[in-house]
There are 2 protein chains.
Amino acid sequence: MKLDKITSESAKATGRRYHDACGAAHGLDLVGERWALLVMRELMFGPRRFGDLKSDLCGLSANVLTQRLEGLEEAGIVRKRKLPPPASVQVYELTHWGYEAQPVFEVLGRWAARSPKHDPSLPISAVSTMMSLRTMFDAEAAGGLTARIGFVFDDRSFVATIADDELTSERIEISDCDVVFSGEPSAVPEYVYGKRPLADIEAEGRLTVTGDRALAERFQTFFGLPEKA
Amino acid sequence: MKLDKITSESAKATGRRYHDACGAAHGLDLVGERWALLVMRELMFGPRRFGDLKSDLCGLSANVLTQRLEGLEEAGIVRKRKLPPPASVQVYELTHWGYEAQPVFEVLGRWAARSPKHDPSLPISAVSTMMSLRTMFDAEAAGGLTARIGFVFDDRSFVATIADDELTSERIEISDCDVVFSGEPSAVPEYVYGKRPLADIEAEGRLTVTGDRALAERFQTFFGLPEKA
DNA sequence: CGGCATCCGGGAAGATACTG
DNA sequence: CAGTATCTTCCCGGATGCCG
């Protein structure tokens, strides 16, 4: 109905915003709606397709995802792009400014991980797993190490690079890695933060290690969970 | 109705959460509801009363404020406290962990301030104004200065201390300040970020300067607005 | 007045089914 | 696979009223 459309458009224009000049308040106007930040999170390692986003964000329904992508696109945070042939597939990607929201995830995640109610046993996506490594890396514990560590989850692979007291990571094919972890995403935080013996998790068939085994064993010492508040 | 109560309680218990181990997702479970972060913002400079929160957060209704305070208290972020006699007034304050959410505001604010849609002419609270000074302070521009700058807004006063290339601020009585700005909160960002001449804003009667006038004139050069994305 | 419970209207979120 | 249409449920926001 035309009337309905007008109503909803004006609602979007004047809609539920905080009329506040505060930067944080404006940030909430942009990404404060439910699921918006998590959609951005799933895009932080590069473009994704609609269906991939939907399947990685468990509980998010298609219509809401459509709305969020529209809103983020209008805000200049997300761009819709058609991959060149022969792929010819439509993907969503963050704009340059969108990628710069990365520190928001690090700061928010570091703070919230101290919550007494944080439950690390919940399901976790591949992107979240890789992002948490960025967030929780402890340069001192790694002590000047240089290494390339690969991760293979289902059909996606990531490489984390430790160099110059920093951990960077990207979603690329595995190449020149000192060690590669393959398996399900949740096994990585369980190993790294849960401080469980690597062999135990391998025995459960949830993680496979190839390459420098000694490095794999040391890997879990590079990350520190903050104490609970 | 008893049934309604049970329903709403179980809805709060199992309620709209992201079932996700990701730290950022859990952060959103804690403070992702509408107004929650802004309530925390208003508490970042110390305890406040229910009515003060309500009047500073324009558009927030009493019932929602009650719900947020309950939720934040249950999450261990906010504490309800009764001031000792003769005040005997109930106030809400952040827990130690709650205060540690400060970087969330800085990072989110810095990122969102680059939005093309950010409108600095909207109303701004005293707390937001003081917090933005923390966020946007440029140590290089201040060049090793040491100073105490006071702010008086209506019935509340703050002191910002610039020392050791850092700006800190607290809500306390004015004392030993090199210069004091008095007036309405919105005049400060207008002067500092809008880069308007101080005399113009004084002429409008929205800001009064007492003390070291030269310092007041330099003050606006200590803060840089990031370029738009 | 401060704090909180209650009722109501509108709109956003969530689930499902359907279409190109 | 990539959304759209529809329906239900629930949250948000405003108003009112109770109680200390």
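These numbers come from the heavy atoms of this one structure, side chains and all, not from hydrogens, waters or symmetry mates. Here is the naming used below: chain letters follow the sequence lines, and residue numbers restart at 1 for every chain.
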| Is there a donor-acceptor pair closer than 3.5 Å between any side-chain N or O of B/W97 and the backbone N or O of A/W111? | yes
| request: Mark yes or no for whether B/K80, through its side chain, and B/L69, through its backbone, hold a donor-acceptor pair below 3.5 Å. | output: no
Write down the distance between [atom1] ([X]) and [atom2] ([N]), rounded to a whole number of angstrom.
X	N	atom1	atom2	result
B/R34	D/dG13	CZ	P	4 Å
A/K54	C/dA15	NZ	P	9 Å
A/L60	C/dG14	CG	P	8 Å
A/F50	C/dT19	CZ	P	18 Å
A/L28	C/dA12	CG	C1'	17 Å
A/D52	D/dC1	CG	C1'	10 Å
A/Q67	C/dA12	CD	P	8 Å
A/W35	C/dA13	CH2	C1'	11 Å

| Of the candidate nucleotides D/dC12, D/dC10, D/dT6, which contains the atom at the shortest distance from the side chain of A/N63? |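 Of all the options, the side chain of A/N63 is nearest to D/dT6.
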| Nearest to the side chain of B/S61, which nucleotide is it out of C/dA13, C/dG14, D/dG14? | D/dG14
| message | Report for the helix from C/dC1-D/dG20 to C/dG20-D/dC1: angle between first-end and last-end helix axes, five pairs each, rounded to 10 degrees. | response | 30°
| said: Quick check: closest heavy atoms across A/V39 and A/L53, and the distance to 0.1 Å? | reply: O-CD2, 4.5 Å
| Which atom of A/M40 lies closest to which atom of A/V31, heavy atoms considered |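 In this case the closest contact between A/M40 and A/V31 is SD-CG1, 3.5 Å.
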| Position toward the 5' end of DNA chain D (nearest nucleotide), A/A62 or B/R68 | A/A62
| With A/R196 via salt bridge (Lys or Arg N to Asp or Glu O under 4.0 Å) - residues at least two apart |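 Scan of A/R196 (salt bridge (Lys or Arg N to Asp or Glu O under 4.0 Å), adjacent residues dropped) gives A/E190, A/E204.
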| request: Inspect the contact between A/R156 and A/D56 and indicate whether a charged nitrogen and a carboxylate oxygen are less than 4.0 angstrom apart. | output: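 Judged by the 4.0 Å cut-off on N to carboxylate O distance, A/D56 and A/R156 do form a salt bridge.
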| query | Taking 4.0 angstrom as the limit, do A/D29 and B/K117 come out as a salt bridge? | reply | no
| request: Please check the phosphate of D/dA2 (OP1 and OP2 only) for any side-chain N or O of A/R49 closer than 4.0 Å. | output: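 For D/dA2, OP1 or OP2 has a side-chain N or O of A/R49 closer than 4.0 Å.
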| Hey, does the side chain of A/Y18 come within less than 4.0 Å of D/dG13's phosphate (OP1/OP2), counting only N and O? | no
